[in-house]
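Remarks on the structure that follows.
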Amino acid sequence: YFMALLAAKLLMFLSVISGKPGSAAALDNCVFLGEEEKNSLYEDGDVVVGGLFPLHYSPVSSVAAYRIVFVHGIFLCIYGVFSSRALRWMQTMTFAIKEINQRSDLLPQIKLGFHIRDSCDDIPVSLRAALLLVNGQPESVSGDESLGKHNGSNLGCAAINRTVSSVIIGDAASGVSMALLRSLGSFHIPLVSYFASCSCLSNQKEFPTFMRTMPSDTFQVRALARLVSYFSWTWVGVIGVESDYARFAIQLFLQESVQYGVCAAYTYFYPVVLSQHALDELLDVIQMSSSKVIINFSSESEMQRILREVQRRNISGLQWIASEAWATAKSLWEKSADLLKGTLGFAIRRAAVIPGLKQHLTCLSPSHIHESAFLAEFWEETFKCRLNGSVNSHSHGVGSYLDRPLCEGTEDLSDVYSPYSDVTQLRVSYNVYKAVYLVAHALQDMSNCKVGKGPFLHGTCADPKSFKPWQVRLILGEKINFDQNGDPIAYYDLLNWQKRPDGSLHLVKVGFYDASMLAGRSLVINDSAIQWPAFRSVCSDSCPPGSRIVRRKGEPICCYDCVPCAEGEVSNMTDSLECLRCSEDTWPNNERNLCIPKTIEYLSYHEFMGILLCVASLLGACLSISIIATFYTYKDTPLVRANNMELSFLLLVFLVVCFLVGLLFIGKPSDWLCRIRYPAFGISFALCISCLLAKTAVVLMAFRATLPGSNVMKWFGAKQQRASVLLGTAVQVIICLIWLLTSPPHATSNTHYHSATIIIECVTGSEVGFWCVLGYIGILACMCFVMAFLARKLPDNFNEAKFITFSMLIFFAVWVTFIPVYVSTAGKYTVAVHIFAVLASAFGLLFCIFAPKCYILMLKPEKNRELMYAGINVIHTAQNINMLNVINLASLKLSGNFLARNARTKHIMARIPM
């Protein structure tokens, strides 16, 4: 368009300078090129305000339009659709000017007029209309009307009768406004737009004469980005018409949406002239994408063509997001209600009412209709009839205008719906209304100017009835109380397209965006009031708490995979970028969205295993105590006296201690408990094994000292036995003291063995100390086992050595098994293994050594009596020597001829001093 415009202007310039001297085309004369254009709304006044409105749109062929320009030297408006909505905007301007003229408090000495033309939403046509507004149009007199109509070049500037406009209200489209500004800006003619929202127009250096009552797209784009983010639509399609308006808006949206994690599934620009090929390409992009949310930056005309093609292809389930250009375009609903149901869009602030506007719109007199081509066309298009003597000369392309019936004159606007008379959505109309009042207040300030205090050079003032365009521009600039770019503070209503029971459209306000408020409060939405098709529009589903986002290489940030948080990490937010590690004493729950305290683990008295081991310990202690009681009861019997009674009692007491030591391993560990349990365990077992070692050594030495005159037995008396027990235990006590003084055991919390568990356990402090204690017990056991093994072939009467041997075998089996199990387990199971080893060893000693004796004492008492008679002679011969304990008389066979048959026994008895 712009290149064609430049070519047309060059053609006009060449036409002027090529005229012959003395003719109407001379350089020093004003020459009008082209045909006379009468289609306008005009009312004279002291100051005439110009207006440009897109009364027609949807071009039939832009190429054909350019051909007409170059051939005939005129821009013809050959467009296919009449906009009743734009006619309302025109009428709102005339209403505002007439309202001002009737007021006594605003411009009482000045009459405002208007000159309104159709811009056809096209740059060449808009430029021609704007030049007619600011330069005027020569008008032929009645006798020369036909001549002037056919050859406008015969008319000069002297034929201009209408007052020219020093300020223009318009145009609606951003691209058209930009072209007008580049052409008229050099003449400092102010342009006040009511609907041009492109952010590019905010550049005051490039467009100093531009002002608007329409918010900049910068605010609309922020609102749209917040909107899609609010509903978690992270995967949206963005389309727009090939225009400055759409390009700047989409560029801003892509920049703004990144802040909210919103991605564009695609961006697509389609031409203004939507051919079938262009529609096919656009719809293919929409259908192939997984996005169901589409933001469309276009005007009403382009949207109509797109909706027709969507309907033809039977595409459903789309959520349309409307730009403010078509957010209130009710005409789209007529044929595409099902497709547009649920549409959301931001519309500029609505005026609740403009008093008197409804009456002004509907009270159309027949004279006005016949005099105005715009009103005549509206009447004929609304009622599908043809006025008699109509001044409407507009062509709608292929049609049957002449076949229409004549209007009857009984038509009434209240009987039909028309966007023209619909004042329920006064948004753009209100912007037009404000623009007129803006100019009026600027002129009022010019009227109130006092010489010496004026805004111009040396404080001069301008004449409000005769001023230069740049002067009113300066006053307008002072009058506007907007931001630094000349943009009004943005406020948008969020509209939802809903279907009434009768099928009509209901634009429901479901929220608003107020740019003057803080960022977090600028968007307010009432979710419950919204109606829309059920759908989701995301590239990837949201990552739930307990997982994190992993970006897909080479894809938009909205396309990602969800990966569960690693062990020991949590995320408590949806779409978390990273997981946070829990503290040392906490652990993730199963969902990994919360750190919970770790399970405290130790062998407790309240759990089954702890109770079982506690019962076993107490049972062993009770059994030991009961055997002590039994032995004490039968202490005078041969069996008890003959089994080294003193060492037997000591062994039983120490076994009680061993059983009770197991209780020290149950319960919550503490430092003092850890320092007690290990030494108690080591010392108690050292006492037990030392007793057994002393008993075995006495028996063995008694039968091995066979040489005549050997005096070895005097070293194995009662005192020596007690001393050997104390000596064997003292070594263990020394080991434990060194251990406790250097690196004692202590309680600790183990958080590393089980990730989700804190094991409260006793650590040995010094592994060397622990294994020395255990090793010393093993040394004592080995010595005891060797001696008992050597005594295994003694006469059957002295068979206690066999029981000691068997008990040591059990002891070894338990502790050899204990070592690998102890090393490979952790927590309460290690403690349980330790207790089990203690109890198993103690029970082995208890049952192997004392069970046979208890059997005779409790169940076979007659054997105990027979033993007394069988060994009475031997007892009487043993004077002053405590050899009864040495030779274990309780093990003698109870046969009458025992002493005679056993030669070795006789030899031993012969060595006992008499």
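Positions are given from 1, in the same order as the sequence printed here. Worth knowing before you read on, the calculation uses all heavy atoms, side chains too, and leaves out hydrogens, waters and symmetry mates.
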Check your understanding: Cut-off 3.5 Å, side chains only: do Asp118 and His56 have a donor facing an acceptor?
Key ->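 Yes, side-chain donor-acceptor contact under 3.5 Å.
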Point to revise | His360 versus Thr92, side-chain donor and acceptor atoms under 3.5 Å | key: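 Thr92 vs His360: no donor-acceptor pair found between side chains.
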Check your understanding: Knowing that exactly one of Arg427, Arg349, Arg350 qualifies, which makes a salt bridge (Lys or Arg N to Asp or Glu O under 4.0 Å) with Asp493?
Key ->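 Among Arg427, Arg349, Arg350, the one meeting salt bridge (Lys or Arg N to Asp or Glu O under 4.0 Å) with Asp493 is Arg427.
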Check your understanding: In terms of heavy-atom contacts, does OH of Tyr430 have more than 12 from other residues, nucleotides or ligands at under 6.0 Å?
Key ->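 Incorrect, the count does not exceed 12.
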Check your understanding: Does a sphere of radius 6.0 Å around NZ in Lys509 hold more than 12 heavy atoms from other residues, nucleotides or ligands, not counting ones at 6.0 Å or beyond?
Key ->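 Atom NZ in Lys509 is packed in, count exceeds 12.
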Review point. So which of Trp379, Phe374, Phe378 actually passes ring pair (Phe, Tyr, Trp, His ring centres under 6.0 Å) with Tyr420?
Key: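 Per the ring pair (Phe, Tyr, Trp, His ring centres under 6.0 Å) rule, the option paired with Tyr420 is Phe378, out of Trp379, Phe374, Phe378.
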Check your understanding: Which is it for Asn496 and Gln531 under the side chain to side chain donor-acceptor pair (under 3.5 Å) test, yes or no, and what are the steps along the way?
Key -> CA-CA 7 Å; Asn496 182 220; Gln531 294 181 6; over 6 Å; no
**Study point:** From CA spacing to verdict: side-chain contact (heavy atoms from CB on, under 4.5 Å), Ile286, Ile294
**Key:** CA-CA 8 Å; Ile286 293 175; Ile294 304 175; 3.6 Å; yes
Check your understanding: Of Ser323, Ser197, Ser202, which is the lone residue that meets side chain to side chain donor-acceptor pair (under 3.5 Å) with Asp217?
Key ->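 Single side chain to side chain donor-acceptor pair (under 3.5 Å) partner of Asp217 among Ser323, Ser197, Ser202: Ser197.
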Exercise for review: From the options Gln304, Glu242, Arg305, Met303, select the one residue that forms a side chain to side chain contact (heavy atoms under 4.5 Å, CB included) with Ser298.
Suggested key: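 Passing option: Met303.
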Practice item. Would you name the heavy atoms of Thr213 and Asn431 that are closest together and state the gap between them? Key: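 Looking at all heavy atoms of both residues, the closest pair is OG1-O, 3.1 Å.
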Check your understanding: Any ion pair linking Arg103 and Asp105 (charged N to carboxylate O, less than 4.0 Å)?
Key ->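 Counted as a salt bridge, because a side-chain N and a carboxylate O are separated by less than 4.0 Å.
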Review point. Are Arg88 and Asp422 within salt-bridge range, i.e. N to O under 4.0 Å?
Key: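 No, this pair does not count.
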